[in-house]
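Read through the structure below, which is laid out as structure tokens, and then see the notes.
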Amino acid sequence: MATESSRTPHGIALVTGATSGIGAEFARQLAKQSYDLVLVARDRPRLETVAAQLREHTHVAVEVIAADLTDAAQRDVVERRLKSEADPITFLVNNAGYGLPQEFSLNSADDEARMLEILATVPLRLSHAVLGGMLSRGTGTVLTVASLAGEAPLGTYAAAKAWAMNFSRWANAHYRSRGVTFTALAPGFVRTEFHSRLGVARASMAPKWMWLDANFVVRSALRSAAHGRAVSIPSVRYRLLWMFMKLAQPLIAVFVARTSRRTATVADKRHDS
Ligand SMILES: NC(=O)c1ccc[n+]([C@@H]2O[C@H](COP(=O)([O-])OP(=O)(O)OC[C@H]3O[C@@H](n4cnc5c(N)ncnc54)[C@H](OP(=O)(O)O)[C@@H]3O)[C@@H](O)[C@H]2O)c1
């Protein structure tokens, strides 16, 4: 850990889900901006590898906390780190998350509740843990990785991401005048491990033009956060899509109803034969 005298001017950023994809990229870009880091994820060997690479290529101090954030006792270690006044966290990135491969009725209620916890309850608890110190110091940034899906009725993953979008919009309006900004990052499809963890091939999910690189997404998000924006939507093509989604909101529900009826009919026929 860096000593007070060696502490970089930006302070310390805590990034959840820092072992891969968007989280690992946040760690790299924040290190380049001279933030010291606290990296959180479940896989300790992988965390140590990411930390070693960052120490080798930058001059920042890197701590790791191996924790499953859906486990209350393990999450408590992270919450306590966020409340530390001796080594205060100045930038929180709520990034850890995953989706479920099946739709609501086919998943167990426990799996659904765990996904809702990692996508909504965990950012709520971590934001709450860090906020008191940030408000008393009159400065701080909380960036939560949501999703463009959170702006549409597209399943329980999208519903959980809607929480992050609206929480960030409200919190940014409410706390910004006291020096603490909240930003929701709302990306579309990003090339990470997210889809392989779901067991789904990228090509089957979306056409090539819809895929973004984590590097670009994170650069764009950090710019939005630096400007104190409540929402960051990387790339012009996704900003246009977002405007279309807003206009077509009622049509999305009709589209979902139609495709669900078709899927149900095919499933019924398979069941009957
Ligand atoms: N990729 C996309 O297209 C996309 C689009 C919109 C939004 N997002 C969001 O972006 C965020 C990052 O996902 P990604 O695309 O970068 O996927 P990823 O490469 O699979 O990374 C997910 C990260 O979350 C960590 N994680 C998962 N469950 C955890 C838990 N219970 N406790 C602690 N850490 C946990 C994983 O580390 P360990 O396995 O080591 O714990 C990993 O570091 C997620 O919130 C996701 O919903 C992704």
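Read the numbers this way: they start at 1 and go in the same order the structure lists the ligands and their atoms.
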Quick check: Val190 and ligand 1, any N/O pair under 3.5 Å apart?
yes
Could you tell me, atom by atom, which parts of ligand 1 come under 4.0 Å of a heavy atom of Pro187?
6 (C), 7 (C)
Tell me which part of Arg191 gets within contact of ligand 1: side chain, backbone, both or neither, using heavy atoms under 4.0 Å.
neither
Of Gly150, Gly23, Ala96, Gly97, the residue with the heavy atom nearest atom 22 (C) of ligand 1 is Gly97
Which heavy atom of the protein is the closest neighbour of atom 32 (N) of ligand 1, given with residue, atom name and distance?
Leu69 N, 3.0 Å
Any non-hydrogen atom of Arg46 lying under 4.0 Å from ligand 1?
no
Taking atom CG of Leu30 and atom OG1 of Thr141, what is their separation to the nearest 0.5 Å?
9.5 Å
Can you tell me the protein heavy atom closest to atom 4 (C) of ligand 1 and the distance?
Gly188 O, 4.0 Å
Using a plain distance cutoff, I'd like to know if Ile118 has any nitrogen or oxygen under 3.5 Å from a nitrogen or oxygen of ligand 1.
no
Are Arg114 and Asp110 close enough, and set up right, to give a side-chain contact (heavy atoms from CB on, under 4.5 Å), and what steps lead you there?
CA-CA 6 Å; Arg114 244 188 313 277; Asp110 284 345; 4.2 Å; yes
Counting non-hydrogen protein atoms only, what is the nearest one to atom 15 (O) of ligand 1? Give residue, atom name and distance.
Thr192 OG1, 2.6 Å
Could you tell me how the ring of Phe167 sits relative to the ring of Trp170: parallel (under 30°), tilted (30 to 60°) or perpendicular (over 60°)?
tilted
Atoms of ligand 1 less than 4.0 Å from Val145 heavy atoms?
9 (C), 10 (O), 11 (C)
Would you please classify the geometry between the Phe182 ring and the Tyr175 ring as parallel, tilted or perpendicular, with 30° and 60° separating the classes?
tilted
To the nearest 0.1 Å, how far is atom 13 (O) of ligand 1 from its closest protein heavy atom, and which atom is that?
Phe194 CD1, 4.2 Å
Of all the atoms in ligand 1, which lie at a distance below 4.0 Å from a heavy atom belonging to Phe189?
3 (O)
Of the listed options (Asn95, Leu212, Leu119), which comes nearest to atom 45 (O) of ligand 1 when hydrogens are ignored and any heavy atom counts?
Asn95
re atom 8 (N) of ligand 1, the protein heavy-atom contact at minimum distance is Tyr157 OH, 3.6 Å
In this structure, which one of Met115, Arg197, Glu193 forms a side-chain contact (heavy atoms from CB on, under 4.5 Å) with Tyr98?
Met115
Rounded distance [0.5 Å steps], CE in Met165 versus OG1 in Thr144:
10.5 Å
With heavy-atom distances below 4.0 Å as the criterion, list the atoms of ligand 1 near His195.
1 (N), 2 (C), 3 (O)
In terms of its nearest heavy atom to atom 18 (P) of ligand 1, the top option of Ala67, Ser147, Gly17, Ser20 is Ser20
The protein heavy atom nearest to atom 7 (C) of ligand 1 is Ala146 O, 3.2 Å
Take atom CZ in Arg137; do more than 12 heavy atoms of anything else shown fall under 6.0 Å from it?
yes
Has Gln74 got a side-chain atom pairing as donor or acceptor with Asp68's backbone, closer than 3.5 angstrom?
yes
To the nearest 0.1 Å, how far is atom 16 (O) of ligand 1 from its closest protein heavy atom, and which atom is that?
Ile22 N, 2.8 Å
Taking the six-membered ring of Trp209 (Phe, Tyr or Trp), confirm whether the NZ or CZ of Arg237 is under 6.0 Å from its centre and within 45° of its axis.
no
Atoms of ligand 1 close to Glu193 [distance to a heavy atom under 4.0 angstrom, numbered from 1]:
19 (O), 20 (O)
Trp211 vs His195 aromatic rings, parallel, tilted or perpendicular, using cut-offs 30° and 60°?
perpendicular
For atom 31 (N) of ligand 1, the protein heavy atom that lies nearest, with its residue and separation
Asp68 OD1, 2.9 Å
More than 12 heavy atoms of other residues, nucleotides or ligands under 6.0 Å from CZ of Arg125: yes or no?
no
Is the number of heavy atoms from other residues, nucleotides or ligands within 6.0 Å of CZ (Phe255) greater than 12?
no
To the nearest 0.5 Å, how far apart are OG in Ser20 and CD in Glu25?
11.5 Å
Heavy-atom contacts with Thr19 under 4.0 Å: which atoms of ligand 1 show up? List them by number with element.
36 (C), 37 (O), 38 (P), 40 (O), 42 (C), 43 (O)
Verify side-chain hydrogen bond (donor to acceptor under 3.5 Å, both in side chains) between Glu112 and Asn107, making sure each step is shown before the conclusion.
CA-CA 7 Å; Glu112 286 282 345; Asn107 295 324; 2.8 Å; yes
So, does Ala149 sit close enough to ligand 1 that a heavy atom of it is under 4.0 Å from the ligand?
no
Residue-ligand contact Gln74/ligand 1, heavy atom below 4.0 Å
no
Under 4.0 Å from a heavy atom of Asp43: which atoms of ligand 1 are those, numbered in the order shown and with their elements?
40 (O)
Within 6.0 Å of CD in Gln102, more than 12 heavy atoms from elsewhere:
yes
Using a 4.0 Å cut-off to any heavy atom of Gly21, which atoms of ligand 1 qualify?
16 (O), 19 (O)
